[in-house]
Visitor: 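Mind having a look at this structure? Questions to follow.
Predicted model only: the values in this text are computed from it and were never measured.
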Amino acid sequence: MESKKRIGVMLDCSRNAVMKPSSVKNYMDILSKMGYNMLMLYTEDTYEVEDEPFFGYLRGRYSENELKDIADYGEQVGIEVIPCIQTLAHLNQIFRWSCYKSINDTEDILLADCDRTYELIEKMFKSIRRCFKTDIVHIGMDEAHNVGLGKYFKEHGPVDRFSLLSRHLKRVSEIAERYGFKPIMWSDMFFRLANGGDYYCSRSDIVTDDIAALVPENVSLVYWDYYSREKGRYDVMIAAHKNFDKPVWFAGGAWMWKGFSPDNEISIKRTRLAMQSCRDNNVDNIFMTCWGDNGAEASYYSVMPTLYYAVSVLNGIDDEEKIKSGFLKLFGIEFDNYMKLDLPSKLRERSHVAVYNPDKLMFYSDPFLGIYDHSFEGDGSREESIYRSYADDLSKLKDEPDFGYLFETAAALCSFLSFKYALGRKTRTAYDQKNKSALKKLLSVYDECIISLDAFYEVFKKQWYKEKKGNGFEVQDVRIGGLKQRLISCRSRLSDYICGRIECIEELDEQLIDLGDTGLVNCWSRWTPAVL
């Protein structure tokens, strides 16, 4: 492959949100000023494919004209726009439609060794070829853990699943080549084969010649790592990737996938080490991922400190004061002030449990079921006080000319959490004590919760439609609307209990089990009833 050095950003435009074309252009303007020269659009099914009307149907997919316009604009501002698609797994949304049932192996995975599957993949490449000027395409191919175990197993019986993956990759790479693309893909499958199922390795020599030979000649691998805390791990993994004798791509993480708030603090800690390693090991192709995961609530613009920090370190600037002064000059806002967008998720040091995303966990935590009420100590007054101070602090920045709307949303979120965070704990405690007087006082807190939730919803909606297409906000409407209705319902039943119209509240009579750390960190979507 050519020796051009790329430093870019990947925007997730598949997990419930598609960035508006106008916002993509604005984003590229900012990236260009920061020193980036590449943008990846992660689109599982959110792009138009000719003769496939149900591909991306009702998902806010980009039209061919929109993608052409984005690519043309990128060329004007010095940004290479690269498509990032999926050609095996992560296609769960298309399987809602009956026309794709015949090529669904299992879960979100396409059926390999099936002519109709490769007909669809060919159409994907044909469509993106018309839209993009680049010769690079990211074909995904990650996390297809159950490939061959569903429809394929029923039709063909047991199979060497890695051979199946290899055959599929070969077919995909041949199609890509016919359309003038040089594919890149996540490196998971090869490292898991070489390393007993684990991705990260402790030795660079685990990649044998036999493993390296499985990668088609025209395919390069992407090493992704958002979590490693030691530079040595990055060094070893990069060295292992070099054993494939192909250009190494690295993908870091700008943490905006946890919920309503980013985590620039953690992102920067990981990014500093990763970028230093890439710099020291002469990795030429690097991009930062901005995943949306379970709802894409956070703003794409919320991780600007991380993105600026990454490109600065790659350019040899390790001095934090220089980075901060450069950020202020470019964005017109103090770096440390922008970092305050992290505040809603910053309760970890004040809790006995390392809560991964308290702003989302406790936002949706049911007042009566109390699944996450064990995640803090005491009656929650301390956390409520912290959120009140966060709301005041963030409100002072809501008049910032370009990004004030982000701080307005974060302030409204903290204001809501100052009422909601410990509501379940306080409700259960008063109920257990049969203290109807305390429960009666809580009725006004439920009222404040509902009022502040409405206020948050309005500014959150404004933020969403400023940056994203409308598709996907129906999920936010149902989730937040469901939460509001649940608060109304719980308040009503408390009132009935206080007045003696009902003798008990069954949910509050059930003894809670302390989950400890198990499942708390990253499974909001598995536990919370509000999830779609």
Side-chain angles (χ1 to χ4, degrees), residues 10-19 39-50 52 54-57 59-62 67 81-97 99-101 103-114 116-129 131-132 134 136-148 150-152 164-176 179 181-190 192 216 219-222 224 249 251 257 287 289-294 296 472:
M10 188 214 76
L11 299 177
D12 185 347
C13 296
S14 286
R15 255 78 73 78
N16 199 54
V18 177
M19 198 179 206
L39 176 74
M40 250 181 223
L41 293 178
Y42 178 75
T43 50
E44 294 171 353
D45 67 323
T46 49
Y47 59 99
E48 183 180 6
V49 173
E50 189 176 13
E52 296 289 342
F54 284 95
F55 192 87
Y57 179 52
R59 291 258 289 142
R61 64 189 169 202
Y62 289 117
L67 289 177
V81 185
I82 293 177
C84 184
I85 64 175
Q86 286 289 354
T87 56
L88 183 56
H90 290 290
L91 287 168
N92 59 305
Q93 293 297 322
I94 71 170
F95 297 127
R96 295 184 296 174
W97 311 113
C99 58
Y100 295 116
K101 294 296 184 184
I103 56 171
N104 183 196
D105 182 359
T106 182
E107 299 171 338
D108 60 352
I109 302 172
L110 287 169
L111 181 64
D113 287 349
C114 173
R116 167 64 175 130
T117 293
Y118 300 106
E119 175 190 325
L120 174 62
I121 291 173
E122 178 123 16
K123 289 179 180 179
M124 294 177 188
F125 281 107
K126 185 177 181 180
S127 292
I128 62 174
R129 181 69 285 169
C131 300
F132 294 91
T134 182
I136 303 296
V137 61
H138 197 318
I139 59 172
M141 295 282 289
D142 59 316
E143 297 180 331
H145 303 301
N146 292 321
V147 66
K151 186 180 181 71
Y152 190 96
L164 179 62
L165 282 167
S166 296
R167 286 200 304 276
H168 181 75
L169 173 57
K170 187 173 185 296
R171 296 275 304 262
V172 172
S173 66
E174 288 170 350
I175 296 171
Y179 285 89
F181 281 115
K182 300 171 183 177
I184 62 175
M185 63 174 285
W186 306 113
S187 62
D188 304 37
M189 60 184 281
F190 301 103
R192 295 187 193 281
V219 176
S220 290
L221 301 182
V222 182
W224 63 267
W249 289 66
W257 55 75
F287 60 96
T289 59
C290 299
W291 295 110
D293 284 18
N294 183 251

Visitor: Salt bridge or not for K126 and E119, using N-O below 4.0 Å?
Guide: no

Visitor: Any donor and acceptor pair, going by atom type alone, linking the side chain of T117 with main-chain N or O of A112 inside 3.5 Å?
Guide: no

Visitor: Scan side-chain atoms only and decide if D142 and Q86 contain a donor-acceptor pair under the 3.5 Å cut-off.
Guide: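 Note: D142 and Q86 side chains meet the donor-acceptor criterion.
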
Visitor: Search all heavy atoms of L221 against all heavy atoms of S187 and return the closest pair with its distance.
Guide: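 For L221 versus S187, the nearest heavy atoms are CB-CB, 3.9 Å.
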
Visitor: Is any side-chain heavy atom of H168 closer than 4.5 Å to one of Y118?
Guide: yes

Visitor: Give the intermediate values and the outcome of side chain to side chain contact (heavy atoms under 4.5 Å, CB included) for residues I184 and M40.
Guide: CA-CA 12 Å; I184 62 175; M40 250 181 223; 3.8 Å; yes

Visitor: Please report the C-alpha distance between Y152 and L110 in whole Å, then the side-chain angles of each, then the deciding distance to 0.1 Å, and finally whether the side chain to side chain contact (heavy atoms under 4.5 Å, CB included) criterion is met.
Guide: CA-CA 10 Å; Y152 190 96; L110 287 169; over 6 Å; no

Visitor: Any side-chain heavy atom of L88 sitting closer than 4.5 Å to one from I109?
Guide: yes

Visitor: Which heavy atom of K101 sits nearest a heavy atom of K151, and at what distance?
Guide: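 Closest approach of K101 to K151: O-CD, 4.3 Å.
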
Visitor: Are the side chain of T43 and the backbone of C13 linked by a donor-acceptor contact shorter than 3.5 Å?
Guide: no

Visitor: At what distance, to the nearest 0.5 angstrom, does CD1 of I94 lie from SG of C99?
Guide: 8.0 Å

Visitor: Compare all side-chain heavy atoms of F54 with those of V49 and state whether any distance is below 4.5 angstrom.
Guide: no

Visitor: On a heavy-atom basis, which atom in P183 and which in S173 lie closest, and how many Å separate them?
Guide: CG-CA, 4.4 Å

Visitor: How many angstroms lie between atom NE2 of H90 and atom CG of D108, to the nearest 0.5 angstrom?
Guide: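 The distance works out to 6.0 Å.
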
Visitor: Rounded to the nearest 0.5 Å, what separates atom CD1 in I121 from atom CZ in R171?
Guide: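 The distance works out to 8.5 Å.
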
Visitor: Within the structure provided, determine whether W97 and E52 are in side-chain contact (heavy-atom separation under 4.5 Å).
Guide: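 No. Closest side-chain heavy atoms not under 4.5 Å.
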
Visitor: Assess whether side chain to side chain contact (heavy atoms under 4.5 Å, CB included) is satisfied between F95 and D45, documenting all intermediate values.
Guide: CA-CA 11 Å; F95 297 127; D45 67 323; over 6 Å; no

Visitor: Does any non-hydrogen side-chain atom of Y100 lie less than 4.5 Å from one of L120?
Guide: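 Yes, side chains in contact.
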
Visitor: To the closest 0.5 Å, what do you measure between CG (L11) and CG (L39)?
Guide: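 L11 CG to L39 CG: 5.0 Å, rounded to 0.5 Å.
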
Visitor: Could you pull out the closest heavy-atom pair between A89 and E143, with the gap in Å?
Guide: CB-O, 4.1 Å

Visitor: Minimum heavy-atom separation for F132 to R129, with atom names?
Guide: O-NH2, 2.8 Å

Visitor: For the pair I175 and F181, evaluate side chain to side chain contact (heavy atoms under 4.5 Å, CB included) and give the outcome as yes or no after the intermediate values.
Guide: CA-CA 9 Å; I175 296 171; F181 281 115; over 6 Å; no

Visitor: Okay, side chain of T289, backbone of W291: is any donor-acceptor separation there less than 3.5 Å?
Guide: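 No; judged by distance alone, with no hydrogens or angles, the pair does not exist.
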
Visitor: Check whether any side-chain heavy atom of C290 sits under 4.5 Å from a side-chain heavy atom of D12, and report yes or no.
Guide: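 C290 vs D12: side chains apart.
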
Visitor: Drop me the distance from S14's OG to Y47's OH, to the nearest 0.5 angstrom.
Guide: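 Answer rounded to 0.5 Å: 9.0 Å.
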
Visitor: Can you check whether I82's main-chain N or O pairs, donor with acceptor, with T134's side chain at less than 3.5 Å?
Guide: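 Between the backbone of I82 and the side chain of T134 there is no qualifying donor-acceptor contact (under 3.5 Å).
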
Visitor: Would you say V18 and R59 make side-chain contact, with heavy atoms under 4.5 Å?
Guide: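 Not touching, per the 4.5 Å side-chain cut-off.
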
Visitor: Which residues pass the salt bridge (charged side-chain N to carboxylate O under 4.0 Å, His left out) test with K170, not counting sequence neighbours?
Guide: E174

Visitor: Which pair of heavy atoms, one from L41 and one from Y62, lies closest together, and at what distance?
Guide: CD1-CE1, 4.4 Å

Visitor: Atom OH in Y179, atom CD1 in I128: separation rounded to 0.5 Å?
Guide: 10.5 Å

Visitor: Any side-chain heavy atom of E48 within less than 4.5 Å of one from F55?
Guide: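 Counting from C-beta outward, E48 and F55 never come under 4.5 Å.
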
Visitor: Is there a donor-acceptor pair under 3.5 Å between the side chain of K182 and the backbone N or O of V137?
Guide: no

Visitor: Just by distance, no angles: are the side chains of N146 and E107 close enough, under 3.5 Å, to form a donor-acceptor pair?
Guide: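 The criterion, which ignores hydrogens and geometry beyond distance, is satisfied for E107 and N146.
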
